[in-house]
Amino acid sequence: MCGVLGIIGNSPVRTTLYDGLTVLQHRGQDAAGIMTCDDQGQINLHKDNGLVKDVFGFRDMERLNGNAGIAHCRYPTAGSSSAAEAQPFYVNSPFGISLAHNGNLTNAAKLRERIFRDDLRHVNTNSDSEILLNVLAHEIYNTIDRGTQRLTNENIFTAMRGVFERCHGGYAVVAYVVGVGIVAFRDRFGIRPLIYGYRDTDAGREYMVSSESVALDSQGFTTVADVRPGQAIIFSHDGEVDSEICVDAPTYAPCIFEQVYLARPDSMIDGISVYRTRMRMGEKLAHKIEREWPDHDIDVVIPIPDTSRTSALEMSQVLGVRYREGFIKNRYIGRTFIMPGQAERKKSVRQKLNAIDLEFRGKNVMLVDDSIVRGTTSKQIVQMAREAGANKVYFASAAPPVRYPNVYGIDMPVASELIANNRTVEQIQELIGADRLFYQDLNDLVEAASEGNPQITEFDTSCFSKKYITGDVTPEYLKDLEDARNDNAKQGFSPNRKKSTKTATSA
């Protein structure tokens with residue numbers, strides 16, 4: 001869950017990249033980076049840990065010259081959070097290539113070995129994004145005509161076929177190739193989102209590629225389409241756009257958790273309105289409550305800000321129950337879902353939310369959240385509602401129980417840290433301290449999303465269903481991932497005190 005951005009323009013793009021990246025800040029708060037290329041082919045790169053507004057000062061921006069560039073905001077799912085692993089990454093051969101990546105390679109460890117042994121390339125960080133960059137660079141190098149030393153679009157598409165064949169997992173990528181332009185591509189299942197659009201200026205047409213449509217909207221770009229599964233698109237400096245599907249029989253199965261939590265509600269993901277999906281999620285969850293508890297005594301529906309508001313409001317209308325804002329959010333605290341450790345997540349919940357006692361006192365309250373992952377936040381919020389004077393506290397999750405690891409770039413990797421893993425709804429209800437607990441049914445969630453685009457009938461629902469769409473996720477892989485991504489690993493502590501050989505992701 002990172003944010004990626006790319007622009008081919010007719011004037012300096014640094015400000016547009018900065019502004020667009022700020023709009024994508026919800027996708028990653030750990031690090032940010034911008035790369036630009038000027039008319040002389042000089043690559044300019046600045047990246048560091050921190051929020052976009054903190055990473056880029058006036059002098060940093062002044063040095064980012066060029067009419068083309070890419071940008072990235074990082075949300076680390078494993079390994080180091082050092083500035084060295086901030087993106088974009090860069091290699092100088094062939095021609096000079098920079099890359100920003102959202103997702104996770106499921107065969108990263110094998111690729112790392114092969115890159116060193118066969119491709120004679122050294123990967124200097126623990127990031128699978130650097131692995132992906134070196135695979136791309138090697139495949140492009142192998143396609144170049146040694147006589148002319150020219151790189152054509154057909155060369156790039158041939159190289160992309162090699163990349164798709166070698167790189168497994170979920171990934172959405174924007175890369176810049178010096179002398180060519182931006183190359184955008186998406187994994188063969190379309191798991192991670194990527195969309196592009198254009199805007200016309202006095203100097204000509206400009207193109208932007210982004211993780212979410214909201215970045216295009218905010219900068220005045222008109223959406224053209226989502227990058228298709230297995231598709232590579234080349235945006236050249238002369239304004240030409242060329243594309244090709246580089247895999248056989250691609251499958252459209254985007255990550256449904258984008259609709260649940262990750263994306264902004266004002267975004268369109270694969271032609272599906274995130275806002276409308278969350279409305280339908282609230283409606284379907286309300287109908288479930290009506291079926292299972294027709295004589296409910298709910299006095300008020302209260303969302304847990306911010307992502308559950310849309311579902312909670314629709315639920316209240318269907319149930320005919322008042323909707324109230326019972327929690328006020330501190331806007332200067334980051335998303336607790338992406339805090340690096342359990343202790344920090346616990347601490348930040350109380351800092352982030354404060355209850356309005358008048359909305360709770362003496363009432364039977366239905367709290368609505370987008371999902372329940374570790375249960376840490378849910379338990380504390382239920383306790384806050386009781387402390388504010390609620391008579392009874394009910395809880396509803398707009399998503400099904402998160403029982404299994406996600407391996408495609410979302411930080412829910414360790415089964416033992418998921419409250420729903422190997423537990424019944426009744427057991428979870430007791431653990432979070434609620435009087436009643438309701439979860440969305442998976443079929444209802446899929447219907448809520450697919451109603452927005454009937455052409456998409458399949459989604460990656462692995463964290464709910466354990467059906468990993470890429471077909472290459474083994475128990476051994478999950479065990480290795482657990483060792484690399486549990487909270488102890490993120491805090492830099494290994495109970496076995498052995499040197500880790502796992503490959504991290506920075507998506």
Side-chain angles (χ1 to χ4, degrees), residues 2 74 76-82 84-94 97-144 158-173 175 183 185-189 191-192 230 232 246-247 405-409 411 413-414 468-486 489-490 492 494 496-507:
C2 293
R74 181 181 69 185
T77 51
S80 170
S81 291
S82 71
E85 295 195 359
Q87 298 183 45
F89 284 112
Y90 170 76
V91 291
N92 61 8
S93 176
I97 304 172
S98 188
L99 176 144
H101 161 224
N102 171 30
N104 178 42
L105 301 183
T106 54
N107 64 334
K110 292 180 180 179
L111 281 173
R112 175 186 289 274
E113 294 175 4
R114 182 178 171 186
I115 285 170
F116 185 79
R117 184 185 68 245
D118 299 338
D119 300 350
L120 306 180
R121 288 179 171 269
H122 173 65
V123 176
N124 199 48
T125 71
N126 290 320
S127 173
D128 64 345
S129 304
E130 190 183 10
I131 293 173
L132 182 53
L133 170 60
N134 277 275
V135 171
L136 173 63
H138 183 75
E139 293 298 325
I140 288 177
Y141 180 80
N142 284 343
T143 68
I144 299 170
T158 299
M160 286 308 311
R161 284 189 279 275
V163 171
F164 283 118
E165 183 177 340
R166 293 177 65 179
C167 297
H168 306 160
Y171 46 91
V173 176
V183 181
F185 58 95
R186 195 175 178 193
D187 66 81
R188 63 180 301 119
F189 298 94
I191 298 172
R192 300 264 63 87
C246 299
V247 300
N406 180 282
V407 302
Y408 303 124
D411 187 23
V414 181
Y468 295 100
I469 196 71
T470 55
D472 60 347
V473 178
T474 64
E476 292 76 21
Y477 177 84
L478 294 175
K479 178 61 172 64
D480 285 348
L481 209 62
E482 179 167 346
D483 292 343
R485 291 188 176 181
N486 61 39
K490 290 180 181 179
S494 172
N496 298 322
R497 299 192 180 277
K498 294 180 180 178
K499 183 178 179 181
S500 174
T501 58
K502 310 299 185 293
T503 298
T505 74
S506 56

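Predicted, not measured: the structure shown is a model, and the values here were computed from it.
Taking all atoms of both residues into account, the shortest heavy-atom contact from Asn102 to Cys2 is OD1-N, 2.9 Å. The minimum heavy-atom distance between Val91 and Ala137, with the atom names listed, is CG2-CB, 3.9 Å. Nearest approach of Ser127 to Phe89, heavy atoms of both residues: OG-CE1, 3.6 Å.
A donor-acceptor pair under 3.5 Å is absent between the side-chain atoms of Glu139 and the main chain of Gly162, judged by distance alone. Gln87 places a side-chain N or O within 3.5 Å of a backbone atom of His101 that can act as its donor or acceptor partner. Looking at Glu130, its side chain does come within 3.5 Å of a backbone N or O of Asn124 through a donor-acceptor pair.
Residue Glu165 holds its CD atom at 12.0 Å from SG of Cys246, rounded to the nearest 0.5 Å. Of the inter-residue distances, the one linking Leu136 atom CG with Arg166 atom CZ reads 10.5 Å to the nearest 0.5 angstrom. With values rounded to the nearest 0.5 angstrom, Leu111 atom CG is found 8.5 Å from Leu132 atom CG. Atom NZ of residue Lys479 and atom CG of residue Leu481 lie 11.0 Å apart, to the nearest 0.5 angstrom. Residue Asp480 holds its CG atom at 10.0 Å from CD of Glu482, rounded to the nearest 0.5 Å. Rounding to the nearest 0.5 Å places CD1 of Ile469 at 6.0 Å from CZ of Phe189.
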Practice task
Report the C-alpha separation of Leu105 and Tyr171 in whole Å, then their side-chain angles, then the decisive distance to 0.1 Å, and conclude whether the side-chain contact (heavy atoms from CB on, under 4.5 Å) test is met.
Solution key: CA-CA 7 Å; Leu105 301 183; Tyr171 46 91; 3.6 Å; yes
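Applying the side chain to side chain contact (heavy atoms under 4.5 Å, CB included) test to His168 and every residue at least two apart in sequence or in another chain returns Thr106, Asn107, Asp472. Taking the side chain to side chain donor-acceptor pair (under 3.5 Å) definition, one finds that Arg121 meets it with Asn134, sequence neighbours left out. In this view, Arg186 and Asp270 satisfy the side chain to side chain donor-acceptor pair (under 3.5 Å) rule, not counting sequence neighbours.
Using the six-membered ring where Trp is involved, Tyr408 and Tyr468 have ring planes that are perpendicular, over 60° apart on the 30 and 60° scheme.
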